[in-house]
Q: 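Mind looking over this structure? Questions follow.
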Amino acid sequence: MGVWQLLMVGGVMLLGLLGVIVPGVPGPWLVWAAMLWWSLHVQTGLAWFLLVGATAVLLIIQVVVWLLPNRRLRGLGITRRMAASAGLGALAGFFLLPVIGAVPGFVGGIYGSERLRLGGHGPAMASTRAVMRAAGTSVLVELMGCLLVVGAWVGAVLAGG
């Protein structure tokens, strides 16, 4: 598989990760479609195994998100900056402390954004808790699933699969 094809697959996966944070963009489906495209072009046992694993993980996260209670988002002050901070924090945490670092990175990104916006620790903590109860859990579940799939793909590419 050529470098440009790997870059294209990686770009679609990155777009899928961003799509988890941006409402209306089907992030998990973009990640899965990129994995499917890569598997069809590489056609190795590892590629097929990753495709089956990605399918299972992404279906499970869809069920978990569906089972989570639906909360009201109005009045919480969720901004684009907060979503970007949470996503960047999760991505940085995922690579600094592989896989499990995404959770504290996500919450830390929300807290950092709220600390800048509200100015103090107390209001920022209260706002972070409210955001996590309302929307953060479902976004975090989707983001973790997609990060697992992308991380497995990166590992397979680096291993030469």
Q: Can you pull out every ring-ring contact (aromatic ring centres under 6.0 Å, His included) where at least one residue sits in residues 113-147? Sequence neighbours excluded, please.
A: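 Residue pairs with at least one partner in residues 113-147: Y111-H121.
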Q: Apply the hydrophobic cluster definition, ILVMFWY joined by side-chain contacts under 4.5 Å directly or through others, and give me every member besides L97.
A: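 For the cluster that includes L97, the remaining residues are I100.
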Q: Mind checking side chain to side chain donor-acceptor pair (under 3.5 Å) for R81 and listing every partner two or more places apart, or none if nothing turns up?
A: none
Q: Taking only residues two or more places apart in sequence or in another chain, which ones pass side chain to side chain donor-acceptor pair (under 3.5 Å) with H41?
A: none
Q: Mind checking what makes side chain to side chain contact (heavy atoms under 4.5 Å, CB included) contact with V103, not counting sequence neighbours?
A: L140, M144
Q: Rest of the hydrophobic cluster containing L116 (Ile/Leu/Val/Met/Phe/Trp/Tyr, side-chain heavy atoms under 4.5 Å)?
A: none
Q: Mind checking ring-ring contact (aromatic ring centres under 6.0 Å, His included) for F106 and listing every partner two or more places apart, or none if nothing turns up?
A: none
Q: If you look at every heavy atom in V20 and C146, which pair is closest and at what distance?
A: CG2-SG, 3.8 Å
Q: Other than W29, what residues sit in its cluster of Ile, Leu, Val, Met, Phe, Trp and Tyr side chains whose heavy atoms are under 4.5 Å apart, directly or through others?
A: none
Q: Does the side chain of S85 reach to within under 4.5 Å of the side chain of I110, using non-hydrogen atoms?
A: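 They are not in side-chain contact.
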Q: Could I get the full list of side chain to side chain contact (heavy atoms under 4.5 Å, CB included) partners for V107, not counting sequence neighbours?
A: T128, M132
Q: Just distance, no hydrogens or angles: give the donor-acceptor pairs under 3.5 Å from side chains in residues 46-66, sequence neighbours left out.
A:
unit_1, atom_1, unit_2, atom_2, d
T55, OG1, W32, NE1, 2.7
T55, OG1, L51, O, 2.8

Q: Is there side-chain contact between V31 and V150, with at least one heavy-atom pair below 4.5 Å?
A: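 V31 reaches V150 side chain to side chain.
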Q: Members other than L7 in its cluster, when Ile, Leu, Val, Met, Phe, Trp, Tyr link by side-chain heavy atoms under 4.5 Å?
A: V3
Q: Return the CZ to OG distance between R80 and S113, rounded to the nearest 0.5 Å.
A: 13.5 Å
Q: Group every Ile, Leu, Val, Met, Phe, Trp and Tyr by side-chain heavy-atom contacts under 4.5 Å, then state whether L17 and V157 land in the same group.
A: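 Yes: a chain of side-chain contacts under 4.5 Å links L17 to V157.
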Q: With side chains defined as the heavy atoms from C-beta onward, is the minimum distance between M13 and W38 less than 4.5 Å?
A: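 They are not in side-chain contact.
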Q: Quick check: do V149 and W153 have side-chain heavy atoms less than 4.5 Å from each other?
A: no
Q: Counting C-beta onward and ignoring hydrogens, is there a side-chain heavy-atom pair between V25 and L15 closer than 4.5 Å?
A: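 V25 does not reach L15 side chain to side chain.
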